[in-house]
J.: 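I'd like to ask some things about the structure below.
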There are 4 protein chains.
Amino acid sequence: MVDGVETDTAVTPGYSERKEDYARRMRRIEGQVRGIARMVEEEKYCIDVLTQVSAVTKALQAVALGLLDEHMAHCVVDAARAGGPEAEEKLAEVSAAVGRLVRS
Amino acid sequence: MVDGVETDTAVTPGYSERKEDYARRMRRIEGQVRGIARMVEEEKYCIDVLTQVSAVTKALQAVALGLLDEHMAHCVVDAARAGGPEAEEKLAEVSAAVGRLVRS
Amino acid sequence: MVDGVETDTAVTPGYSERKEDYARRMRRIEGQVRGIARMVEEEKYCIDVLTQVSAVTKALQAVALGLLDEHMAHCVVDAARAGGPEAEEKLAEVSAAVGRLVRS
Amino acid sequence: MVDGVETDTAVTPGYSERKEDYARRMRRIEGQVRGIARMVEEEKYCIDVLTQVSAVTKALQAVALGLLDEHMAHCVVDAARAGGPEAEEKLAEVSAAVGRLVRS
């Protein structure tokens, strides 16, 4: 990560092409969370704060589902083609990640 | 909000006393979201990004449940005691907020 | 519960009036779950089974949110008016129930 | 599906081997839902009904996550290896199914 020049790693993540899009969405969510922190400091009405929290949660879920899609379409498919223990491992990872998303 | 002297408004929110605690938690979540945005920009491994998103979602839910508790213990209870249309309205608001939390 | 004659208890639940509606909805959900069990036995396509599971989960959530509304509009409001430790207890119960719904 | 003799289809679902396990779990959930319907009819305390609904929702999610795992380990991996439009289609299906689970 030296000077942002050598970001190349052995494994390029599946969302590489749409990286900017996802980063932008996360920045927007960051701004929304900052807005909620400010609402709390200004003692805004509780229900309005909760409405914003639900909106942020939905936005986070949408990013997560998008990243998961990219991951499956690239990493998981590649591993499935290669087969062997790596395929098993990728499936176990995705399974755990989906479980965390469903339960969170 | 001048010098913290005139914080009295017509309606003080139910979380007023623990305002600082909630604001601090939201600031921490803001930092976590910023960290995720950075992970995406640095093309970190997708599954690691998803793990962080699930953690943030859980943290947001915990704040939301806390705020909801305070709201019920103060605003809803007060309205219930006062009775009349305002009690109805508060209940409808809480119901909608819970519905949004459950579905998000 | 002898012959369904003596259902009267000291505490009538808040959903008492709409009991039949909720019972009917639960019976319908029971039928949907039975249908899913049958789909599994007949080795129906996995994605179709998952679609039905999501539909049942949504239906259960809708019943839960409805029951919660009734509970708040009756038991919680009554307890809030009465005040004292029972009000505290009812709020703690509702809070825990909402937490379980949000996390499940 | 005549007499349960000809259940063989061109596509055996991924959960075929553990079919009995999943069917048994769904039957147990069916029993739990029937129990909740009875609780409602007997006007049991609302919070107790909600606790049972949350338990059933969790049990359903666990079945769904299990079926999803099997589906990915078999159908999705097979399609990924075969490649082409079917692989795309399987990924789109899984993505939609995960989205429904996360949002329900």
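Hydrogens, waters and symmetry mates are skipped; everything else that's a heavy atom, side chains included, is used.
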J.: What do you reckon, are the aromatic ring centroids of A:H71 and B:Y45 less than 6.0 Å apart?
T.: yes

J.: Name the option with the most non-hydrogen atom pairs under 4.5 Å to chain A; the candidates are B:L67, B:V94, B:V49.
T.: B:L67

J.: Looking at A:R34, A:H74, A:R103, which one has more heavy-atom pairs under 4.5 Å with chain B than the rest?
T.: A:R34

J.: If you measure from the Lys or Arg side-chain nitrogens to the Asp or Glu carboxylate oxygens, is any gap between B:R27 and B:E30 under 4.0 Å?
T.: yes

J.: A side-chain contact here means heavy atoms from C-beta on lying under 4.5 Å apart; do B:Q52 and B:D48 qualify?
T.: no

J.: When you look at CZ of B:R18, are more than 12 heavy atoms from neighbouring residues, nucleotides or ligands closer to it than 6.0 Å?
T.: no

J.: Please look at A:Y22 and chain B and tell me whether the side chain, the backbone, both or neither of the residue comes under 4.5 angstrom of a heavy atom of that chain.
T.: both

J.: If you count heavy-atom pairs under 4.5 Å with chain B, which of A:V63, A:L101, A:L60 comes out on top?
T.: A:L60

